[in-house]
A.B. asks: 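Before anything else, here's the structure in question.
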Amino acid sequence: MVDGINPAQSPADLRLERRIFAASHGRDMTPEERETLERIRPPRTYPVRLAVQSYDGPIAMLPVAQLYVRDVPDLSPPEGKDLLQVLWCPFDHPIMPRTLLFWRSAAAVTDILDTPPEPPAVQFNGYLPEPCVLEPEQITEYPDHLELSEELREQLKQWSVPQAAEEDMDPDTYYDCVLSNAPGWKVGGWPAWNSTDPSPRPCSECGTGMEVLMTVATFEEGDDAGNSWSPHPHPGAGPYPGHRGYNATGVQIGSGYRQHLFVCPAEPEHPHIELMT
């Protein structure tokens, strides 16, 4: 269901809009390009009240990620599975897309569609992922300072003073910016607690503490960490204007947040949970 505020767009129109922005970057748009953009997003006069729209029947979900254990050994799949496929519904449920996880055997995936089904509309441009080729890079990161003891936090703060001075950074934020919570899309690692405090996340089936499976991020680089977490090699600009930082996927979570997917380490096929931070 569309929320009555943000008009949904078709995937085809959103891709056309992105192509126009990319092609016109650094020059004035042609009259034809402007006309096309006005068709996709007609000018609105405020105040405006949009009708709430619904779609009957099931809606196809969009692919978000396809990961093979051979490329990402930290996936820890169920026995006999070596492929993870992540899909989502490109509408808020209630504040971010709802995801589905499919653990599969790559050898059993033989009937591949030439044209996968797509939903009739997408609530936000940032809910339509841009196809990308993955180049996995293994890194080491550490927990958010909020997950550490008071004693360890104080030790890190004292240690950070000379380190931060060398990079002209605030010692109070040096640890989180440079060592903890790498920005960007990642498998495993630690969650970021930018907008909420840490809280227990037990599995609804067995009570085991859940761990981060994957993070879907708006940006690949942070604003305040310099080049500490820049992807290697540094890829440059994103596919279209409108986002700060590097954003090859075109995905935007909230106003620039991250969507963490937590799974049960005892049984990855138990129901997972989602959290925006």
Side-chain angles (χ1 to χ4, degrees), residues 60-69 71-79 81-104 106 119 122-124 126-132 134 136-139 141-144 146-147 180-220 222 229 247-277:
M61 303 185 81
L62 288 170
V64 176
Q66 178 166 275
L67 306 174
Y68 293 87
V69 173
D71 299 321
V72 189
D74 291 339
L75 270 178
S76 301
E79 184 177 356
K81 307 296 177 64
D82 61 354
L83 169 64
L84 171 64
Q85 294 175 325
V86 182
L87 307 179
W88 73 17
C89 174
F91 292 85
D92 278 342
H93 292 271
I95 59 172
M96 56 186 164
R98 178 174 297 166
T99 56
L100 289 180
L101 308 180
F102 294 93
W103 297 97
R104 309 181 69 179
V122 174
Q123 186 172 359
F124 299 110
Y127 289 175
L128 178 66
E130 189 77 12
C132 299
L134 298 179
E137 178 184 2
Q138 193 163 26
I139 62 171
E141 66 170 15
Y142 297 93
D144 189 290
L146 293 176
E147 298 201 55
S180 167
N181 296 321
W185 291 53
K186 59 188 179 183
V187 170
W190 299 90
W193 300 109
N194 299 333
S195 57
T196 183
D197 291 335
S199 59
R201 296 168 300 280
C203 173
S204 61
E205 294 286 334
C206 65
T208 303
M210 304 186 83
E211 299 177 353
V212 175
L213 167 70
M214 178 179 173
T215 298
V216 177
T218 299
F219 306 112
E220 286 298 310
W229 293 113
N247 183 287
T249 64
V251 165
Q252 181 170 345
I253 302 298
S255 298
Y257 295 98
R258 304 179 238 198
Q259 183 171 349
H260 297 298
L261 309 183
F262 291 84
V263 295
C264 174
E267 178 48 71
E269 292 184 304
H270 281 173
H272 71 288
I273 61 175
E274 303 158 339
L275 183 65
M276 181 193 295
T277 67

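By convention here, the first residue in the shown sequence is residue 1. Both backbone and side-chain heavy atoms feed into the values below; hydrogens, waters and symmetry mates do not. None of the values given here were measured: they were computed from a predicted structure.
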A.B. asks: List in chain and number order the residues that pass side chain to side chain contact (heavy atoms under 4.5 Å, CB included) with Pro265, two or more places apart in sequence or in another chain; answer none if no residue qualifies.
C.D. replies: Thr208, Glu211
A.B. asks: Just verifying a value: how many Å separate Arg258 CZ and Met96 CE, rounded to the nearest 0.5 Å?
C.D. replies: 14.0 Å
A.B. asks: Does a side-chain heavy-atom distance below 4.5 Å link Gln85 with Pro63?
C.D. replies: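 Counting from C-beta outward, Gln85 and Pro63 never come under 4.5 Å.
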A.B. asks: Determine the minimum heavy-atom distance between Gly126 and Trp88, stating which atoms define it.
C.D. replies: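 Nearest heavy atoms, Gly126 then Trp88: O-CZ2, 4.4 Å.
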A.B. asks: Within a strict 4.5 Å, meaning less than it, do heavy atoms of the Tyr127 and Leu62 side chains meet?
C.D. replies: no
A.B. asks: Quick check: do Leu275 and Trp193 have side-chain heavy atoms less than 4.5 Å from each other?
C.D. replies: yes
A.B. asks: Are any of the side-chain heavy atoms of Leu101 and Leu213 separated by less than 4.5 Å?
C.D. replies: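 A side-chain contact under 4.5 Å exists here.
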A.B. asks: Which heavy atom of Ile253 sits nearest to which heavy atom of Thr218, and what is that distance?
C.D. replies: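 So the two residues come closest at N-OG1, 2.9 Å.
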A.B. asks: Could you list all the side chain to side chain donor-acceptor pair (under 3.5 Å) pairs where at least one residue sits in residues 262-277, not counting sequence neighbours?
C.D. replies: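 Side chain to side chain donor-acceptor pair (under 3.5 Å) check on residues 262-277 returns Lys81-Glu269, Thr99-His272, Thr99-Glu274, His260-Thr277.
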A.B. asks: Rounded to the nearest 0.5 Å, what's the gap from CH2 on Trp103 to CG on Leu75? Could you check?
C.D. replies: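 Going from the CH2 atom of Trp103 to the CG atom of Leu75 covers 5.0 Å.
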A.B. asks: Under the side chain to side chain contact (heavy atoms under 4.5 Å, CB included) test, which residues partner Asp71, sequence neighbours left out?
C.D. replies: Tyr68, Pro136
A.B. asks: Just verifying a value: how many Å separate Arg104 CZ and Leu84 CG, rounded to the nearest 0.5 Å?
C.D. replies: 11.0 Å
A.B. asks: Does anything in residues 181-192 form a side chain to side chain donor-acceptor pair (under 3.5 Å)? List the pairs, not counting sequence neighbours.
C.D. replies: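 Every pair satisfying side chain to side chain donor-acceptor pair (under 3.5 Å) with a residue in residues 181-192: Glu141-Lys186, Asp144-Asn181.
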A.B. asks: Could you measure the distance from the CZ atom of Arg201 to the CD1 atom of Ile273? Nearest 0.5 Å is fine.
C.D. replies: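 Here the interatomic distance stands at 6.5 Å.
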A.B. asks: Checking Pro202 now: which residues fulfil side chain to side chain contact (heavy atoms under 4.5 Å, CB included) with it, not counting sequence neighbours?
C.D. replies: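 Pro200.
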A.B. asks: Compare every heavy atom of Pro97 with every heavy atom of Gln259, then report the nearest pair and how far apart it is.
C.D. replies: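 Looking at all heavy atoms of both residues, the shortest contact is NE2-O, 3.0 Å.
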A.B. asks: For Val251 and Asn247, work out which heavy atoms get closest and say how close.
C.D. replies: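 Nearest pair, atom of Val251 first, then Asn247: O-ND2, 3.0 Å.
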A.B. asks: For Ala248 and Glu130, which heavy atoms make the closest approach, and how far apart are they?
C.D. replies: O-CB, 3.6 Å
A.B. asks: Please confirm whether the backbone N or O of Asp92 pairs with a side-chain atom of Gln123, one donor and one acceptor, at under 3.5 Å?
C.D. replies: yes
A.B. asks: Are Glu147 and Pro191 side-chain neighbours, meaning at least one heavy-atom pair lies under 4.5 Å?
C.D. replies: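 Yes, side chains in contact.
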A.B. asks: May I ask you to check whether over 12 heavy atoms, not counting those of Tyr142, lie within 6.0 Å of atom OH?
C.D. replies: no
A.B. asks: Within the structure provided, determine whether Leu67 and Leu134 are in side-chain contact (heavy-atom separation under 4.5 Å).
C.D. replies: yes
A.B. asks: Find the distance between CE (Met210) and OG (Ser204) and round it off to the nearest 0.5 Å.
C.D. replies: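 So the CE of Met210 and the OG of Ser204 are separated by 6.5 Å.
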A.B. asks: Which atom names give the shortest non-hydrogen contact between Phe219 and Gly256, and what distance separates them?
C.D. replies: CE1-CA, 4.0 Å
A.B. asks: With sequence neighbours excluded, what pairs up with Arg98 under the side-chain hydrogen bond (donor to acceptor under 3.5 Å, both in side chains) test?
C.D. replies: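 side-chain hydrogen bond (donor to acceptor under 3.5 Å, both in side chains) list for Arg98, sorted by chain: empty.
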